[in-house]
Amino acid sequence: MTLLEVRDVHKSFGKKDVRVHALQGASVAVEEGEMVAVMGKSGSGKSTLLNILGGLTKMEEGEYLYRGKRLNLENGRELIRHRRYEIGFIVQYFALIEDITVFDNVALPLRYQRIPKREIRERVMSALKELGIEEKEKAYPNELSGGQQQRVAIARAVVKRPSLILADEPTGALDEGTEAEVLSIFKKLNDSGIAMVIVTHDSKVADACKRTILLKDGKNASV
Amino acid sequence: MRIGIIIKETGRSLSRYIYVNLLLMVQFIICLFLLITMLTFYIEIGDNESLTQIEKFDTEKWYTVRVDFDMSMSNVTEIAREGDGFVRARDFYREITRNELFRQISFRAGQGVYLDVALLDGRFGKGQYDDLLNSDGASSKEACYAELEDNGKAFTGAYLRSAQMNLAAFELLSPKIAEGEGFTGENTTLVSEESPMPVLLGHSYQGVFQVGDTFRLLLPVMATAEAFYNAKVVGFLEEDSWMPAYGGGVAEEILFLDDYILCPVGMDIQYVPEGQEERAKIVSGQYTDSLFYSCISLYPGVSYSQAIIRAHELSEQYDVYDLLFTSTSFGMELLKNETETTIAMITVLTGAMVCFTIFCLVSASLNKIQKNLRTYAVYLVNGSGLYPIIMPFLLEMFLLLLPCMGINFLLLRKKMYLSQNYMPFGAVIFMAVLIFCAMAVFITVKLKGMETEELMRRKE
Ligand SMILES: Nc1ncnc2c1ncn2[C@@H]1O[C@H](COP(=O)(O)OP(=O)(O)OP(=O)(O)O)[C@@H](O)[C@H]1O
Ligand SMILES: [Mg+2]
């Protein structure tokens, strides 16, 4: 079954004379439990597309279907709910909050879901355990290595049990060894049934995916 | 859970910018203090309601004035005992009652006088004047009699109903005179020791006493017991004459004077009495007491602060007690020693300070938003709405403002209580709330206008 589908997306930035057309009719469909890579040259619109999938950016034209239902992008609440319950986000530079602990970082999405304290504790600890960083629970992000930080970010994305994880160059800031580890974590997550869309420049990452979408000048290009 | 998020985030943000926040708080405290003080200096304060409610007085605003007893009562009479103290106190009173800024009037409704029982028994018949006894506060009729001594002569005195007012008050009230004359500039001016104190008698005395009768009268004053006067009946009040029940223990708004002996206070005593005690008696009984139960109204175009400053200048000039304008604000009190230029400067400074504080508040908020943008973006990406971001921001500002208000309240509490004037404080709180709301709108608009994605692309 199709988890999400965006069709004929247009998105541009800036004012008239300096207008950049980031997306000009791109389309993506992701099946439930599928792992998809998005590739393309720098500036081809990959991040923009991902942000649209995650409900972070509005598009000018195009349609967004999630589980067959149209997502109303004008409705701020609907977007927030979409982000809150469906999507896990992972970015290149981890996007951790520096002045709170690893535990609190990971617990963040659950707090917005109004989950009881006890359950938060259980779920955060089990996510940290899964990623092998449970002893870092009380550490602050800047006390961790890059790989550990990315694990925290991954833990934060999975802890809310999303149906879809969106990752924007998740291995871009990591060395090869760590990259392999992260990749195997992704595979495990995918095996557990979470669909994944991974923007990457790295063919090793793309190879790990079942399918690759190639973007060129904001449009789909054949692989 | 929502509340939990808000509190957590507020705590995080507060502790993260702790020094900026502390500095802001210090600034708030100073700014609020200045602002409240200046406001109380300029805001017109309440008038004397009890007077204004009486038809005859309702065309003007009346402000209550008292003698400022920072010094003790005995010190007040002390003034009169020293060298030229009598002259200073009298001339000060003259200036207060005759100046071009305000009109001063004194009413004193509760103070009785003593007359020789022998005199009363002779005129009315023994025990035939119970209605005239000032028994309101007394436990029994017997308590209205006292053993007194006048110049070495012992006698029994009866405590009679009496009221006092000064010439200005009498002229303003202008009660109808049934016989004889009222208080005039002439009969309230005593040119020598022989000049008697003029008294007006109520309707109940008419026919029993005559115009021109003289007798000894004890008008008790606060600080001295020896306060006998040679009194002379100058006239009788018409039946149903009244005065405001002001400046005494009488609860009603109007006091009917039929059973009363009306005495003048604040008489113009043109000679310097012999003897310290005599001088002390007149200063306390005529001047201090008069000023203690007094009101002023301003002449057109005069501001209340001008009047207060003038009164203060006079008290300095004559080196006597200061006047306490009880409906005044502490701002006024604090600044009454200052010249107009100083006050103008302080005002300008306060204005500048307020602007600067608002500017700091806005720029600190903007700065905080700017520094927190990435954090906010992370919140949004992880499922936060705008509300859990904006609320902590507002809560934080509120938590910063609250102790500042509290500290200011503590600093100014006593002053506000004294003047019963909480209005400027309320006004400032109201303004702070307004600014606070404006900031809330501003922040909401600012955050709403930002696309989450735009926030995300900022790297630290
Ligand atoms: N917020 C923005 N304001 C202006 N231009 C933007 C904005 N976001 C993206 N763009 C422009 O849109 C185009 C696509 O950007 P996008 O970030 O999607 O590319 P990308 O494929 O992710 O590139 P990279 O591989 O370098 O990350 C670029 O030309 C970029 O300059
Ligand atoms: Mg990109």
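First the proteins, then the strands, lettered A, B, ... as listed; each starts at 1. Below, all heavy atoms of this structure are taken into account, side chains as well, without hydrogens, waters or symmetry copies.
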If you check every heavy atom in residues 141-150 of chain A against those of chain B, which residues fall under 4.5 Å?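 Residues of residues 141-150 of chain A touching chain B at under 4.5 Å: none.
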Tell me, side chain or backbone of A/Asn105 under 4.5 Å from chain B's heavy atoms, or both, or neither?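 Neither; nothing under 4.5 Å.
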Toward chain B, the part of A/Ile100 with a non-hydrogen atom under 4.5 Å: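 Contact with chain B is through the side chain of A/Ile100 alone.
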Side-chain atoms of residues 3-10 of chain A: list all donor-acceptor pairs with protein atoms under 3.5 Å, sequence neighbours left out, distances to 0.1 Å.
from   : atom 1 : to      : atom 2 : distance (Å)
A/Glu5 : OE2    : A/Arg7  : NE     : 3.4
A/Arg7 : NH1    : A/Glu63 : OE1    : 3.3

Using distance alone, with no hydrogens and no angle criterion, decide if A/Thr57 and A/Lys11 have a side-chain donor and acceptor under 3.5 Å apart.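 There is no such pair (donor and acceptor under 3.5 Å, judged by atom type) between the side chains of A/Thr57 and A/Lys11.
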Taking atom types as modelled and ignoring hydrogens, do the side chains of B/Tyr17 and B/Glu396 form a donor-acceptor contact shorter than 3.5 angstrom?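 Checked: B/Tyr17/B/Glu396 side chains show no N/O donor-acceptor pair below 3.5 Å.
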From A/Arg77 CZ over to B/Tyr387 OH, what is the distance, rounded to the nearest 0.5 angstrom?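 Atom-to-atom, A/Arg77:CZ and B/Tyr387:OH are 11.0 Å apart.
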Can you pull out every salt bridge (Lys or Arg N to Asp or Glu O under 4.0 Å) where at least one residue sits in residues 18-31 of chain B? Sequence neighbours excluded, please.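 Qualifying pairs: none.
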If every non-hydrogen atom of A/Gly88 is compared with every non-hydrogen atom of A/Lys160, which pair is closest and at what distance?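 Shortest heavy-atom separation between A/Gly88 and A/Lys160 comes out as CA-CE, 4.1 Å.
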Side-chain donor-acceptor contacts of residues 350-361 of chain B below 3.5 Å, not counting sequence neighbours, with atom names and distances?
from     : atom 1 : to       : atom 2 : distance (Å)
B/Thr350 : OG1    : B/Ile346 : O      : 2.7
B/Thr357 : OG1    : B/Met353 : O      : 2.7

